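Everything on this sheet refers to the single structure shown next.
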Amino acid sequence: MDNWYDRSFGDDYLIVYKHRNMEKAKMEAQAMAGWLQLPARAEVLDLCCGMGRHALALQEMGYGVTGIDLSASLLRVAREKDQQQLVTWVQGDMRELPFENRFDAVVNMFTSFGYFMADSENAEVLHQIRKVLKPGGVWLIDFLNPAHVRANLVPQSDRVINGHHIQESRVLVEDRVEKTIDLIRPDGEHVTYHERVKLYELAWFERHLRAAGLDLQVVYGDYDKVLYDANSPRMIMVGKVSAT
């Protein structure tokens, strides 16, 4: 199952996650901009931008936006949506970002973190965020709440989208949650994908953010702006570059 993300974030991802919409992304972008106190025309990096929903929403709000993602398939869709090419789209790995001291803000949305088996590789992503931020820059990481996942995990789900039958199974394995996605196409073809995310607790982030030179200032539990607690569905961490 190594490097599951190389295969899972392809064209079929667009079918499995078709339900994610632009209207919700705009609401979330407005919340992010408020939490980060982004000045007008701030330069923002959407790290692991996927299909570009949040990058496009932030651009519509007047920010200069760069979206970076490893998936050529998802970036193709993002570019198609960006008909005037107002966002800069870059293909790249979050462990080795091709920028330095360039952005006023970095946002990392919807648990686009914890993909690697080695803790050191996931921690390196935090160092990369620090590398690309300007002095005084701000950041936001939107991650799942491990306690909520453990208490509310749905073992099986089943749905049909545009004739595609999607079966999803989820299991807890040691320090991570793993999902298996079985996709049956209208012609009967059956393909299987895997997703895997480390269940990092807030204490892990606090320790590794500090080591990366990033100050954690506040944690929200969801986009309704309620502060995080043990029952929150999400762990939306907001902070800035450390002063020293």
Side-chain angles (χ1 to χ4, degrees), residues 1-6 8-9 17 28 31-32 35-36 45-50 54 68-71 93-97 105-133 137-155 168-181 193-223 226-242:
M1 208 186 301
D2 289 341
N3 295 347
W4 60 266
Y5 43 83
D6 288 330
S8 291
F9 294 126
Y17 293 100
E28 291 157 351
M32 286 191 295
W35 289 335
L36 294 171
L45 176 66
D46 185 353
L47 177 59
C48 304
C49 64
H54 295 94
I68 188 167
D69 202 279
L70 187 63
S71 170
D93 191 312
M94 68 175 113
R95 293 166 293 183
E96 192 174 355
L97 297 178
V106 174
V107 298
N108 177 250
M109 300 295 298
F110 282 109
T111 310
S112 298
F113 190 92
Y115 290 171
F116 312 113
M117 283 298 289
D119 292 340
S120 59
E121 290 186 89
N122 293 311
E124 177 57 29
V125 176
L126 303 178
H127 288 271
Q128 292 293 304
I129 291 173
R130 172 62 187 90
K131 182 186 78 172
V132 304
L133 281 169
V138 293
W139 54 269
L140 180 148
I141 298 173
D142 171 12
F143 195 66
L144 52 75
N145 176 6
H148 187 271
V149 170
R150 292 187 179 98
N152 297 278
L153 189 73
V154 178
E168 296 174 304
S169 62
R170 304 166 186 86
V171 295
L172 297 171
V173 181
E174 297 178 350
D175 60 350
R176 61 191 183 273
V177 59
E178 296 187 357
K179 180 195 286 189
T180 299
I181 302 169
Y193 297 97
H194 300 280
E195 298 180 3
R196 180 178 64 218
V197 174
K198 284 289 193 80
L199 292 173
Y200 288 127
E201 306 288 346
L202 183 58
W204 185 94
F205 278 102
E206 290 172 331
R207 184 168 67 255
H208 288 280
L209 286 165
R210 187 163 51 248
L214 299 171
D215 282 341
L216 176 61
Q217 297 182 306
V218 63
V219 184
Y220 295 96
D222 209 341
Y223 286 93
V226 173
L227 292 176
Y228 162 83
D229 63 29
N231 299 313
S232 299
R234 307 203 64 76
M235 213 160 56
I236 306 173
M237 296 162 278
V238 180
K240 66 178 184 177
V241 170
S242 300

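Everything quoted here is computed from the prediction, not taken from an experiment.
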Next on the checklist: Apply side-chain contact (heavy atoms from CB on, under 4.5 Å) to residues Arg95 and Phe116 and explain how you reach the verdict.
Outcome noted: CA-CA 10 Å; Arg95 293 166 293 183; Phe116 312 113; 3.4 Å; yes
Which heavy atom of [X] sits nearest to which heavy atom of [Y], and what is that distance?
| X | Y | value |
| --- | --- | --- |
| Gln128 | Leu97 | OE1-N, 2.7 Å |
| Leu153 | Pro155 | O-CD, 3.3 Å |
| Met32 | Tyr223 | CG-CE2, 4.2 Å |
| Met94 | Cys48 | CE-SG, 3.5 Å |
| Leu216 | Glu206 | CD2-CG, 3.8 Å |

Checklist entry - Going by atom types alone, do Arg234 and Thr111 pair a side-chain donor with an acceptor below 3.5 Å? => result yes
Checklist entry - Strictly by modelled atom types, are Tyr5 and Asn3 linked by a side-chain donor-acceptor pair under 3.5 Å? => result yes
Beyond-backbone contact of [X] with [Y], side-chain heavy atoms, under 4.5 angstrom:
| X | Y | answer |
| --- | --- | --- |
| Val138 | Val238 | no |
| Asp222 | Val226 | no |
| Leu70 | Asp6 | yes |
| Val107 | His54 | no |

Item to check | Passing option when Phe113 is tested against Asp142, Asn108, Val197, Leu144 for side chain to side chain contact (heavy atoms under 4.5 Å, CB included) | outcome: Asn108
Checklist entry - Hey, is NZ on Lys240 packed in by over 12 heavy atoms from elsewhere, all under 6.0 Å? => result no
Can you tell me how far [atom2] of [Y] sits from [atom1] of [X], rounded to the nearest 0.5 angstrom?
| X | Y | atom1 | atom2 | value |
| --- | --- | --- | --- | --- |
| Met235 | Leu202 | CE | CG | 5.5 Å |
| His208 | Asp119 | NE2 | CG | 6.5 Å |
| Asn145 | Tyr200 | CG | OH | 16.0 Å |
| Cys49 | Met109 | SG | CE | 12.0 Å |
| Glu121 | Tyr115 | CD | OH | 14.5 Å |
| Ile141 | Leu126 | CD1 | CG | 5.0 Å |

For the pair [X] (side chain) and [Y] (backbone), establish whether a donor and an acceptor sit closer than 3.5 Å, ignoring hydrogens and angles.
| X | Y | result |
| --- | --- | --- |
| Arg130 | Leu214 | no |
| Asp69 | Gly50 | yes |
| Glu195 | Lys179 | no |

Checklist entry - Would you call Glu201-Arg150 a salt bridge at under 4.0 Å N-O? => result yes
Item to check | Sole residue of Trp204, Phe110, Phe205 in ring pair (Phe, Tyr, Trp, His ring centres under 6.0 Å) with Phe143 | outcome: Phe205
